[in-house]
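First the proteins, then the strands, lettered A, B, ... as listed; each starts at 1.
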Amino acid sequence: MLDIKFIKENADLVRNAVKNKGEKANVDELITKDNRRVKIVKELDNLRAEKNRLSKEVRGLERNTPQFEKNVMESREIGNRIKKMEKELRELKEEIRILSLWIPNIPHPSVPVGDEHANKIIREWGEKIEFSFKAKSHIDLINDLGLIDFERGAKISGTHFPCYVGIGAKLERALVNFMLDYHIEKHGYKEMFPPFLNNRETLTGTGQLPKLEDDMYYVEKDDMFLNPTAEPPVTNFHRNEILQENDLPIKYTAYTSCFRREAGSYGKETRGLKRVHQFNKVEMVKFVKPENSYDELESLLNNAEEILQILKIPYRVILLSTGDMTFASAKTYDIEAYAPGSNEYLEVSSVSNFEDFQARRMNIKYKSKSDGKLHFVHTLNGSGLATPRTYIAILENYQREDGKIVVPDALKPYMGGVELIG
RNA sequence: GGAGGGAUGGCUGAGAGGUCGAAAGCGCGCGACUCGAAAUCGUGUUCAGGGCAACCUGACGAGGGUUCGAAUCCCUCUCCCUCCGCCA
């Protein structure tokens, strides 16, 4: 959510952001409605002032005198007009609220304008491994080694619900635990294990609603959604709170399963782990002061990159263009891990600064010591990392000619002595 | 699901139709004392909308009602706590 005053004073900037992000928000209708709101508020304030004046007078008047009766009648009459206007104002405010929920965040000036072709490669890390044999795809490795049972997963739930089995399941758990422990111990993130079912307010707070309602799994009976990422529950942890400046930055890391309908994204990637309805992810979330949120974005990005560095998996960092970034984000980096089996880069992380966009929706402020006033915090989050494609990258990078997988050094402490899979 | 209790500023917590945006304490800001700090003393300190400003308006969980006038009385809802039931 953007400040309505900001929208009115920077209408062109906002219209541009809507266009560049490919959103469909109606900026002009919002502005028209808000102008009307301000007009009603002014009239209403005048009526209320008059009514308050009459009420004070009444106290000094003797009851049942003509002056008393006249005053009371007049006050009553104004009261009725106020009630009518208040109703109109309430309805108008609700319309304004709904319109403003569809206004996207404004991309930072450093973000390239355009669609996915405008994305910029920021850096590449690591050497792509050269195998002396023909590398297998993760699908073949998984099937040959029996790490994941896709067919039975489909039996239990449906297609694209992978069921990890045996050492395959252990590897997934090792990966999650390694990443969590790393963020906690190396960078001081506080661990959180949040609920997976989120209510509407939570998902509106971080900006998944209203836009992505059809992309989430919905539990109708309870009007709740399965979280598509840990971002909503963890960020909403502090919804409607005023934070202490001394406590900032606040940093959380959380593992959750994530659930996405991936509606309309079939055709490509119908097999394997690349695109699934349920997956595991370790997320990092930060609440920071506005003045250093872009430094915090870089350090968050670095924290996510370190996971791949320690796993010794080559990757590249992409700065997303306006058309490729999400609704709520002001600036987003993607991290893509290299998968030699198919010779492609796979998105394993998305790291974003939302500035105060989410904080406005969630009403999260902090009291500044320098001016004594309340300000919205800036929120950021980043995957650190999503497991399915990291899992793919591990399998394909660590495969041997005999079809076995070497366990990466970083995961060995989590694998109960297993150093070779297969 | 049933029965009670509760929701007030950054926090704790008084307030029970008008003199209440709200006592007190904590916290925080400023000043004094100090070489400096702690302690102490003084002083200030709710948020939001409108206006250049004086000022006006709104907000005591949300919505509605009674009244000239509601934090305060009535109704509905939400959330939290306690007890009972149900499930595990």
Task: Presence of salt bridge, D45(A) and K42(A), under 4.0 angstrom - done: no

TODO: For rG15(B) versus rA53(B), give the span between their P atoms, rounded off to a whole number of Å.
DONE: 38 Å

Task: Pairwise C1' distance for rA16(B) and rG2(B), with rounding to whole Å - done: 30 Å

Task: Nucleotide paired to rG31(B) in any strand shown, Watson-Crick or G-U, under 3.5 Å - done: rC41(B)

Task: rG13(B) to rU66(B) separation - C1' atoms, rounded to the nearest Å - done: 30 Å

Open item on the list: Between rC77(B) and rG6(B), how far apart are the two C1' atoms, rounded to whole Å?
Closed with: 16 Å

Open item on the list: Rounding to an integer number of Å, can you tell me how far E86(A) CD sits from rA62(B) C1'?
Closed with: 15 Å

Task: rC77(B): pairing nucleotide in any strand, Watson-Crick or G-U under 3.5 angstrom - done: rG61(B)

Open item on the list: Quick check: do I96(A) and L30(A) have side-chain heavy atoms less than 4.5 Å from each other?
Closed with: yes

Open item on the list: With rounding to the closest Å, how many angstrom separate the P atoms on rG25(B) and rU45(B)?
Closed with: 15 Å

TODO: Look through every strand shown and name the nucleotide pairing with rA71(B) as Watson-Crick or G-U wobble, where both distances are under 3.5 Å.
DONE: none

TODO: Using the P atom on both, measure rC74(B) against rA70(B) and round to a whole Å.
DONE: 15 Å

TODO: For rG29(B) versus rU67(B), give the span between their P atoms, rounded off to a whole number of Å.
DONE: 49 Å

Open item on the list: Can you tell me the base-pairing partner of rG1(B)? Count Watson-Crick or G-U wobble geometry only, both distances below 3.5 Å, and say none if there is no partner.
Closed with: rC84(B)

Open item on the list: Check the phosphate of rU57(B) against N52(A), side-chain N and O only, distance under 4.0 Å to OP1 or OP2. Yes or no?
Closed with: yes

Task: Side-chain (Q399(A)) to main-chain (E396(A)) donor-acceptor, under 3.5 angstrom - done: yes

Task: Integer angstrom distance from the C1' of rC55(B) to that of rG61(B) - done: 30 Å

Task: Donor-acceptor pair between N198(A) and N227(A) side chains, under 3.5 angstrom - done: no

TODO: Quick one: closest heavy-atom pair of A174(A) and M415(A), and the distance?
DONE: CB-SD, 3.6 Å

Task: Nearest heavy atoms of L141(A) and I405(A), plus distance in Å - done: CD2-CD1, 4.0 Å

Name the pairs: protein N/O against N/O of nucleotides 47-53 of chain B, kept only if under 3.5 Å.
{"from": "rG49(B)", "atom 1": "N2", "to": "D45(A)", "atom 2": "OD2", "distance (Å)": "3.2"}
{"from": "rG50(B)", "atom 1": "OP2", "to": "K5(A)", "atom 2": "NZ", "distance (Å)": "3.2"}

Open item on the list: Tell me whether the rings of Y366(A) and H375(A) are parallel (<30°), tilted (30 to 60°) or perpendicular (>60°).
Closed with: tilted

- [ ] Would you mind classifying the nucleic acid contact of Q244(A) as base, sugar-phosphate or nothing, using non-hydrogen atoms under 4.0 angstrom?
- [x] sugar-phosphate

Open item on the list: Generate the contact string for nucleotides 65-75 of chain B. Rules: B means base contact, S means sugar-phosphate contact only, - means no protein heavy atom under 4.0 Å.
Closed with: -S-BS------

TODO: Write down the atom of A25(A), the atom of I103(A), and the distance for their closest heavy-atom approach.
DONE: CB-CD1, 3.7 Å

- [ ] Just say parallel, tilted or perpendicular for the rings of F161(A) and H277(A), cut-offs at 30° and 60°.
- [x] tilted

Open item on the list: Below 30° counts as parallel, above 60° as perpendicular, anything between as tilted: where do the rings of F178(A) and Y182(A) land?
Closed with: tilted

